Every structure is written in structure tokens, then in C-alpha cells.
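Just so you know, residue 1 is the first one in the sequence shown, and it goes up from there. Small disclaimer: the values here were computed from a predicted structure and weren't measured.
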Amino acid sequence: QVQVEESGGGLVQAGGSLRLSCAASGLTFSRYAMGWFRQAPGNEREFVAALTWSGNNRYYADSVKGRFTISRDNAKSTVYLQMNSLKPEDTAVYYCAADRSPYGVSWYERQDRYDYWGQGTQVTVSS
């Protein structure tokens with residue numbers, strides 16, 4: 001049974017940092033591209049960041065470029081999202097997802113391409 005579990009969310013002041021972790025089990029982690037998405041209250045879920053199985057190719061939403069960094073440790077079957085210079089508009093539930101076939105134009109933004117999803121972790125940034 002595949003499990004994807006996020007952790008590391010919490011309350012932080014604007015300008016602060018958080019590191020989210022996402023641990024996956026029940027799958028060959030190194031064969032999956034991984035992505036982070038978020039959903040703020042009243043909004044649709046949106047793409048944040050993604051990286052390929054090797055970690056060599058990374059993709060970011062314009063809103064987080066230069067502030068967030070996605071990385072992975074295949075030995076630990078874990079993907080991370082380092083979030084710096086946080087803003088109140090970053091407040092959302094953050095979801096981790098795994099994609100077995102990351103192909104096509106802008107595959108990383110397409111939520112329907114991801115095979116497995118976590119339950120999410122809340123990030124709240126106070127002003």
C-alpha cells in the first residue's frame with residue numbers, strides 16, 4: 001500500500017522559514033517525480049514546485065521562485081520543500097504528490113498526472 005505523508009507545517013511569522021518533508025512508502029521512490037501543491041481557503045489547489053526522479057530538473061511556480069527550494073533524498077524516500085522569506089499569501093495546506101510518468105509539456109503543473117497524494121500539512125504565515 002502506497003503512503004505519502006507530509007510533515008513540518010506550522011505557524012510562522014512573515015519573513016520566517018519552514019521546511020516541509022514528505023515521506024513516501026510502498027513504492028520505488030527513486031522512480032517517481034515528486035511535486036508540491038498548495039490550497040488556500042477559497043482557492044483551487046495550485047502548483048508550487050516539482051523535481052524529477054534524479055533531482056536534476058526542478059520547477060517552480062513564479063510566486064515562489066527564489067524563496068522556495070525543492071530537494072529529495074532517495075535513500076530516505078523523502079522530498080523536502082524549504083520555504084524562506086514566507087509571506088502571508090503563502091498560507092495554505094501544502095500537499096505532496098508522486099508522478100510515475102513525468103512526461104509532456106509542463107507535466108509538473110498538471111495535477112491529474114500525479115498518481116499518489118498526501119493528506120496535506122497546514123502552513124500559516126502571520127503578518
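Judged purely by atom type and a 3.5 angstrom limit, Arg58 has no side-chain atom pairing as donor or acceptor with the backbone of Leu51. The main-chain N or O of Lys87 is found under 3.5 Å from a side-chain atom of Asp90 such that the two form a donor-acceptor pair. The closest donor-acceptor contact from the side chain of Glu6 to the backbone of Gly120 lies under 3.5 Å. Arg113 places no side-chain N or O within 3.5 Å of a backbone atom of Glu109 that could act as its donor or acceptor partner.
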Result block: side-chain N/O donor-acceptor pairs under 3.5 angstrom for residues 20-32, not counting sequence neighbours:
none

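At least one side-chain heavy atom of Arg38 sits under 4.5 Å from a side-chain heavy atom of Glu46. With a 4.5 Å cut-off on side-chain heavy atoms, Ile70 and Tyr60 count as touching. Two residues are said to be in side-chain contact when any heavy atoms from C-beta on lie closer than 4.5 Å; Arg45 and Gln111 meet this criterion.
Heavy-atom minimum distance, Val79 versus Cys96: CG1-SG, 3.6 Å. The two residues Tyr80 and Asp73 make their nearest non-hydrogen contact at CE1-CB, 4.1 Å. Nearest heavy atom pair, residue Tyr95 against residue Gly118, reads CD2-O, 3.6 Å. Heavy atoms only, all atoms of each residue included: Phe47 and Tyr59 are closest at CZ-O, 3.6 Å. Contact detail for Thr52 and Trp107: the closest heavy-atom pair is CG2-CZ2, 4.0 Å. Smallest separation of non-hydrogen atoms from Ser17 and Gln82: CB-NE2, 4.0 Å.
To the nearest 0.5 Å, atom OG of residue Ser101 and atom CG of residue Asp115 are 6.5 Å apart. Atom CG of residue Leu81 and atom CZ of residue Phe68 lie 6.0 Å apart, to the nearest 0.5 angstrom. Arg100 CZ to Tyr116 OH: the interatomic distance, rounded to the nearest 0.5 Å, is 10.0 Å. Interatomic distance, CE of Met34 versus OG1 of Thr78, reported as 9.0 Å (0.5 Å rounding).
Among residues two or more places apart in sequence or in another chain, the side chain to side chain contact (heavy atoms under 4.5 Å, CB included) test is passed with Trp53 by Arg72. Not counting sequence neighbours, the partners of Val12 by the side chain to side chain contact (heavy atoms under 4.5 Å, CB included) test are Leu18, Leu86, Val125.
Partner Tyr114 forms a ring-ring contact (aromatic ring centres under 6.0 Å, His included) with one of Tyr108, Trp36, Phe37 and no other, that one being Phe37.
Side-chain contact annotation: Glu89 with Thr91, donor-acceptor N/O pair under 3.5 Å absent.
Between Arg110 and Asp99 no salt bridge is recorded (no basic side-chain N to carboxylate O distance below 4.0 Å).
Within a 6.0 Å sphere centred on CD of Gln119, other residues, nucleotides and ligands contribute 12 heavy atoms or fewer.
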